[in-house]
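Taking it in order: structure first as structure tokens, then the write-up.
Every heavy atom of this structure was used, including side-chain atoms; hydrogens, water molecules and symmetry mates were not. Here, residue 1 is the first one in the sequence, and each next residue gets the next number.
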Amino acid sequence: MERKNEKNEAKGKGGNKLSLPDKSEAFLQGESVPNFSLLPKTVKRRVYALKRLQLQSANIEAKFYEEVHELERKYATLYKPIFDKRRVIVSGAVEPTDEECEWQSDRGEEDLAEDLQKKATLDEKQAFSAGAVDPKGIPEFWLTIFKHVDVLSEMLQEHDEPILKHLQDITVKFSEPGKPMSFTLEFLFEPNSYFSNTVLTKVYKMKSEPDAADPFSFEGPEIVDCDGCKIDWHKGKDVTVKVIKKKQKHKGRGTIRTVTKEISQDSFFNFFNPVKATPDGVDEDLDFTLATDFETGHYFRERIIPRAVLYFTGEALEDDESFEEEDLEEGEEEDLDEEGEEEDEGDDGPITDPPPAECKQQ
């Protein structure tokens, strides 16, 4: 079950007990219903009773999502053997059997023209006759996925690509029973010349609890914080920084010296050094960065990891685009209907100049 989008919210402890602290009474009093204050007092009392029932419902919903999290943990153990088999095939550690490779495709060779099929067969024979080496596993499997997915390709830099060629798998692990709700993304790398880590991790902390100040905004579990990990870069291999050289002139002696300085640069691997929310004040840029980070973690967990091969082939991207097109078509249709209604209304009245464009938005 794919849950609703997780949002960037204030931190809070998990819990589902019904409580109404003094500071929360405001949400019971605040109303947006026109002329609510003019309703009879007896009606207002009944509305407040309904709102208290709604609060109980929100707390039950929070408990529901906690149990969904438990269910996800249970089924993760069932998915694990499948994802483990995927990893060894991608890495080339295991060669799938002929039976495991059988697949009836409606987009593969069956759709190719006969002459193209012959050309592909000829090219294959020429490659083998030239002594070409059969590649191991599925080369650049995860790097290809990164390039296909917009949210990841925007983070990807040219200097990241050689490193991501060593990425063998991405997995998700859920928090243990009785522990605060969270999930951990694990990026498994083969030995490489860039860093000594074999696994890079990113932990996303969650809560499933209505906010005391605004409980009716609760729409499911929320990612509230995340922690990265330290990357043990080999000397001169850290792609998250670049070294610049500056010449400095001594004011007294007039001598010149060259100094080196490291400055940060864009890299996907900054993903493992996330920014932290500040407890005081509101920073829109920081909020946007955090929201983007949370969205990326959610996307890895909900979409990319379970359906990796479909993002590699691009089929999952086609599905995503089809949903977006359907939403757009529906929106356009509504706009056309509204315009049609305006034209019908204009048939019975005098013809007037159209209002300025900015007025149409009002």
Side-chain angles (χ1 to χ4, degrees), residues 1-71 180-181 206-225 277-284 287-288 290-291 294-295 298 326-327 330-350 352 355-362:
M1 178 185 299
E2 184 170 345
R3 297 197 296 269
K4 300 175 183 177
N5 289 337
E6 285 135 349
K7 304 167 291 180
N8 176 22
E9 296 286 347
K11 297 181 183 179
K13 297 180 180 179
N16 299 286
K17 293 182 179 179
L18 179 62
S19 61
L20 291 173
D22 292 340
K23 67 178 181 179
S24 300
E25 291 292 344
F27 76 79
L28 284 174
Q29 304 297 332
E31 306 296 342
S32 59
V33 178
N35 301 321
F36 180 83
S37 60
L38 301 180
L39 292 175
K41 185 177 180 179
T42 54
V43 175
K44 289 182 184 178
R45 290 179 68 256
R46 293 163 193 153
V47 171
Y48 293 144
L50 295 184
K51 295 187 79 170
R52 286 181 177 272
L53 292 174
Q54 184 63 40
L55 181 59
Q56 293 180 46
S57 176
N59 280 276
I60 292 174
E61 185 180 8
K63 184 63 177 177
F64 164 78
Y65 282 114
E66 286 185 359
E67 294 194 13
V68 168
H69 189 70
E70 295 294 326
L71 198 60
M181 186 183 295
M206 306 171 67
K207 74 169 185 178
S208 181
E209 174 191 20
D211 192 308
D214 187 17
F216 301 141
S217 66
F218 178 74
E219 293 183 344
E222 304 159 357
I223 298 176
V224 294
D225 193 15
T278 54
D280 54 342
V282 177
D283 186 332
E284 291 186 0
D287 287 346
F288 177 79
L290 287 170
F294 296 168
E295 179 184 354
H298 179 76
E326 286 180 6
D327 292 340
E330 290 175 2
E332 289 176 344
E333 190 172 321
E334 290 174 1
D335 292 341
L336 290 174
D337 289 343
E338 290 176 0
E339 290 177 4
E341 290 175 2
E342 290 176 2
E343 291 174 1
D344 291 342
E345 291 174 358
D347 291 342
D348 297 330
T352 59
E358 60 184 46
C359 296
K360 289 185 177 181
Q361 304 301 323
Q362 297 178 355

Step-by-step side chain to side chain contact (heavy atoms under 4.5 Å, CB included) determination, Arg46 to Val43: CA-CA 5 Å; Arg46 293 163 193 153; Val43 175; 4.2 Å; yes
Between [atom1] on residue [X] and [atom2] on residue [Y], distance to nearest 0.5 Å:
X	Y	atom1	atom2	result
Leu39	Arg45	CG	CZ	14.0 Å
Phe64	Ser57	CZ	OG	11.5 Å
Lys207	Phe218	NZ	CZ	9.0 Å
Leu50	Leu55	CG	CG	13.0 Å

Residues Ser208, His69; criterion side chain to side chain contact (heavy atoms under 4.5 Å, CB included); working and verdict: CA-CA 10 Å; Ser208 181; His69 189 70; over 6 Å; no
Side chain to side chain contact (heavy atoms under 4.5 Å, CB included) evaluation trace for Glu222 with Phe294: CA-CA 9 Å; Glu222 304 159 357; Phe294 296 168; over 6 Å; no
Smallest separation among heavy atoms of Pro221 and Tyr65, with atom names: CD-CG, 3.4 Å
